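See below for the structure under consideration.
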Number of protein chains: 2
Amino acid sequence: MDLKAIILSIHPLQEDDYNQFAAIIQPRIVAKNTRLIEAGKVDHRFYFIQEGITRVYYETAERTINLVFPGPGETILSLNSYSLQSAGYEYIETLTECLLFEVDAIALKKLYQTNLDLANWGRKLAEIEFIKAEKRLMNHLFKSAQERYTELLLKYPALIQNIKLGHIASYLGVSQVTLSRIRAVKS
Amino acid sequence: MDLKAIILSIHPLQEDDYNQFAAIIQPRIVAKNTRLIEAGKVDHRFYFIQEGITRVYYETAERTINLVFPGPGETILSLNSYSLQSAGYEYIETLTECLLFEVDAIALKKLYQTNLDLANWGRKLAEIEFIKAEKRLMNHLFKSAQERYTELLLKYPALIQNIKLGHIASYLGVSQVTLSRIRAVKS
DNA sequence: TTATTTTTTTAACATATGTAAAAAATATTC
DNA sequence: GAATATTTTTTACATATGTTAAAAAAATAA
């Protein structure tokens with residue numbers, strides 16, 4: 001999935017509009033375990049993932065919680081930074097080496113002010129991300145850790161090879177001990 | 001908080017743009033316990049609340065979960081309906097008599113296609129709602145039922161007078177028995 | 001006021017999950 | 001390949017929360 005396909009999958013754009021957009025985007029190769037977004041800081045960039053797996057997580061004094069593991073074709077952005085230019089809540093880091101497209105959010109916002117199609121693209125992006133957030137919330141509310149584990153394996157069979165079980169336990173919202181118990185039953 | 005204040009609080013608009021928007025909005029008085037949005041259905045309306053309290057909830061075979069209790073100044077919309085024109089997940093109903101402003105989402109989408117300021121308003125709306133959804137999720141992930149109960153009382157002291165404890169327990173994600181135990185300790 | 005219904009609290013018990021610590025398995029380094 | 005470090009599983013125990021049912025309290029109706 002190349003840059004154009006990712007962008008147009010969110011909302012169709014005219015050739016000219018796409019080119020304006022592409023002009024403020026840079027490809028980047030990022031090593032494993034690199035932090036892309038830092039909680040408590042304002043960041044003027046966001047990313048599209050071409051290749052690789054990342055994790056979005058929150059951190060408190062007591063514990064850290066993995067929220068989601070975005071992969072190819074998905075968008076990485078801290079909405080607080082992006083929309084409000086205020087400090088974000090989440091950390092985002094790579095779990096594998098990643099090929100990313102880095103978007104200059106400030107330049108994009110300028111485009112929103114003059115370009116109708118891009119303004120609607122931006123609207124669509126926020127709506128899609130909202131729907132994803134809603135789905136995540138519903139997953140948490142309705143599904144047991146067991147179900148969510150099974151679904152995770154189905155969606156990212158590679159994930160379990162690459163990352164520590166503690167990460168997955170944190171995503172499921174249970175202790176690692178409980179995750180081990182879940183896995184013991186399954187086999 | 002009148003209609004104009006609510007709309008402009010999301011994103012500033014020129015007088016002319018605001019008037020175009022206001023033309024597709026109708027005030028409505030809605031009785032207590034009226035269902036506004038139905039899960040599984042596509043709805044082409046959404047609402048701003050001038051007065052009153054509502055609840056947004058999900059329902060499964062096993063149980064129902066209250067997600068949030070929007071009140072004055074807040075927006076009621078099912079993102080799936082609004083953005084994707086697909087069936088929504090949530091039910092929304094009034095808990096008290098409400099004064100609402102009903103927006104014709106189809107007409108609004110047409111405006112988005114031609115009016116740059118409104119397109120940016122729509123972008124801002126989605127971004128704000130996203131941030132709210134993220135906060136709700138974080139509340140669920142980080143805070144205990146106890147804390148969330150205390151905060152709820154602080155934010156909506158009236159709520160507890162008006163609605164059944166079962167609703168609040170469902171919002172907190174605990175059984176009503178547990179909520180009773182929480183309340184017993186507090187006093 | 002009394003009676004009836006609804007809502008909330010309490011009690012008793014079962015169970016799932018967390019914590020802490022040790023054992024086992026796996027991966028890494030020299 | 002042996003030694004070390006890391007990760008995962010298992011065990012033992014404590015505790016919080018759910019379920020079911022009964023009691024108490026509050027609200028509504030007669």
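Heavy-atom basis, side chains included; hydrogens, waters and symmetry copies ignored. Fair warning: this is a prediction, and the values are worked out from it, not measured in the lab.
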When B/V177 and A/G173 are each assigned the nearest nucleotide of DNA chain C, the 5'-most assignment goes to B/V177

Regarding A/S86 and A/N80, do their side chains bring together a donor and an acceptor under 3.5 Å, going by distance alone? yes

Quick one: B/I168 CD1 to C/dT9 P, roughly how many Å, whole number? 10 Å

Atom-to-atom span, CD1 of A/I65 to C1' of C/dG18 - whole angstrom: 15 Å

Are B/K4 and B/D2 close enough for a salt bridge, meaning some N to O gap below 4.0 Å? no

Is A/S175 near enough to C/dG18 that one of its side-chain N or O atoms lies under 4.0 angstrom from OP1 or OP2? yes

Could you state the CG-C1' distance from A/L179 to C/dG18, rounded to the nearest angstrom? 14 Å

Expressed as a whole number of angstroms, how long is the span from B/I182:CD1 to C/dT10:P? 13 Å

Assess whether a salt bridge exists between B/K124 and B/E127, defined as any Lys/Arg side-chain N lying under 4.0 Å from an Asp/Glu carboxylate O. no

Among D/dT11, D/dT19, D/dT8, which nucleotide sits nearest the side chain of A/K164? D/dT8

Can you identify which nucleotide, out of C/dT10, C/dT17, C/dT9, has its nearest atom closest to the B/Q176 side chain? C/dT9

Whole Å only: how far is the CZ atom of A/R181 from the P atom of C/dA24? 18 Å

With the side chain defined as heavy atoms from C-beta on, B/R183 is closest, among C/dT19, C/dG18, C/dT8, to C/dT8

Take the protein atom NE2 of A/H167 and the nucleotide atom P of D/dT6, then report the distance between them rounded to whole Å. 15 Å

State which of C/dG18, D/dT8, C/dA11 makes the closest approach to the side chain of A/L165. D/dT8

Proximity of A/F46 and A/F48 rings by center, below 6.0 Å: yes

Among D/dG18, C/dT10, D/dT9, which nucleotide has an atom closest to any side-chain atom of B/S180? C/dT10

